[in-house]
Amino acid sequence: MARYWMMKCEPSVYNIQDLKNEPTQTIGWEGVRNYQARNMLRDDMKVGDYAFFYYSNAKVPGIAGTMKIVRAGYPDPGAFIPGHRYYDSKSNPDNPRWYQVDVKLVKILDAFIPLSALRQHPELTDLWILRKGNRLSITPLTAFQWDTILDIDL
DNA sequence: GCCAACGTTGGC
DNA sequence: GCCAACGTTGGC
């Protein structure tokens with residue numbers, strides 16, 4: 001069974017239009033530097049899983065589109081490159097510390113779903129990103145939560 | 001292994 | 001820009 005994920009990104013750094021403009025509409029979801037999120041990238045995310053592209057730290061935070069996982073967890077290469085934005089001297093190819101997956105754009109939502117709209121749905125109270133103090137950049141969703149979000153009438 | 005200090009995240 | 005919440009670091 002496919003699983004479902006929420007993947008946060010700051011749109012000022014990289015947004016869903018950038019993803020659409022990629023030649024294959026696919027990128028490595030690089031730069032995650034949190035162990036809990038790392039574990040999910042490395043161990044839990046599989047080809048065929050689905051993910052929301054979530055805008056964090058945005059003027060209007062919320063969900064911009066859907067993606068599919070097209071490559072399961074593999075070492076984040078940026079961590080190995082001195083001077084790279086995501087370089088980490090404690091990660092090396094023999095013992096990689098950080099992982100990423102490849103994601104492919106499925107759809108830019110016709111209507112952006114703001115965080116405020118998610119908050120209005122009682123069925124979504126357990127959603128990770130709605131919990132106070134949540135800072136994880138990768139979080140799981142249930143199939144029910146996924147469907148509920150896509151059915152939201154704005 | 002505790003915990004204070006510090007840095008980062010992210011909504012507002 | 002503020003600040004609450006949380007993760008990480010490092011001294012002890």
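Computed from heavy atoms alone, side chains included, the values below leave out hydrogens, waters and symmetry copies. Within every chain, numbering begins at 1; the chains are lettered A, B, ... in the order of the sequence lines, protein sequences first and strands thereafter.
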Enquirer: Take atom CG of D88(A) and atom C1' of dT8(C), then tell me their distance rounded to the nearest Å.
Expert: 12 Å
Enquirer: How close or far is atom P of dT8(C) from atom CZ of R33(A), stated in whole angstroms?
Expert: 13 Å
Enquirer: Restricting to ring pair (Phe, Tyr, Trp, His ring centres under 6.0 Å), what partner residues turn up for W5(A), sequence neighbours left out?
Expert: none
Enquirer: Using nucleotides 9-12 of chain B, report all nitrogen or oxygen pairs with the protein that are shorter than 3.5 Å.
Expert:
{"unit_1": "dG10(B)", "atom_1": "OP1", "unit_2": "K8(A)", "atom_2": "NZ", "d": "2.7"}
{"unit_1": "dG10(B)", "atom_1": "OP1", "unit_2": "R135(A)", "atom_2": "O", "d": "2.9"}
{"unit_1": "dG10(B)", "atom_1": "N7", "unit_2": "N57(A)", "atom_2": "ND2", "d": "3.3"}
{"unit_1": "dG11(B)", "atom_1": "OP1", "unit_2": "Y54(A)", "atom_2": "OH", "d": "2.7"}
{"unit_1": "dG11(B)", "atom_1": "OP2", "unit_2": "N57(A)", "atom_2": "N", "d": "3.1"}

Enquirer: Among all residues two or more places apart in sequence or in another chain, which pass the ring pair (Phe, Tyr, Trp, His ring centres under 6.0 Å) test with F80(A)?
Expert: none
Enquirer: Residues two or more places apart in sequence or in another chain: which of them pass salt bridge (Lys or Arg N to Asp or Glu O under 4.0 Å) with K20(A)?
Expert: none
Enquirer: Do any pairs count as a salt bridge (Lys or Arg N to Asp or Glu O under 4.0 Å) and have a residue in residues 47-76 of chain A, sequence neighbours left out, and if so which ones?
Expert: R33(A)-D76(A)
Enquirer: Under the rule for side-chain hydrogen bond (donor to acceptor under 3.5 Å, both in side chains), what residues qualify as partners of D43(A), not counting sequence neighbours?
Expert: none
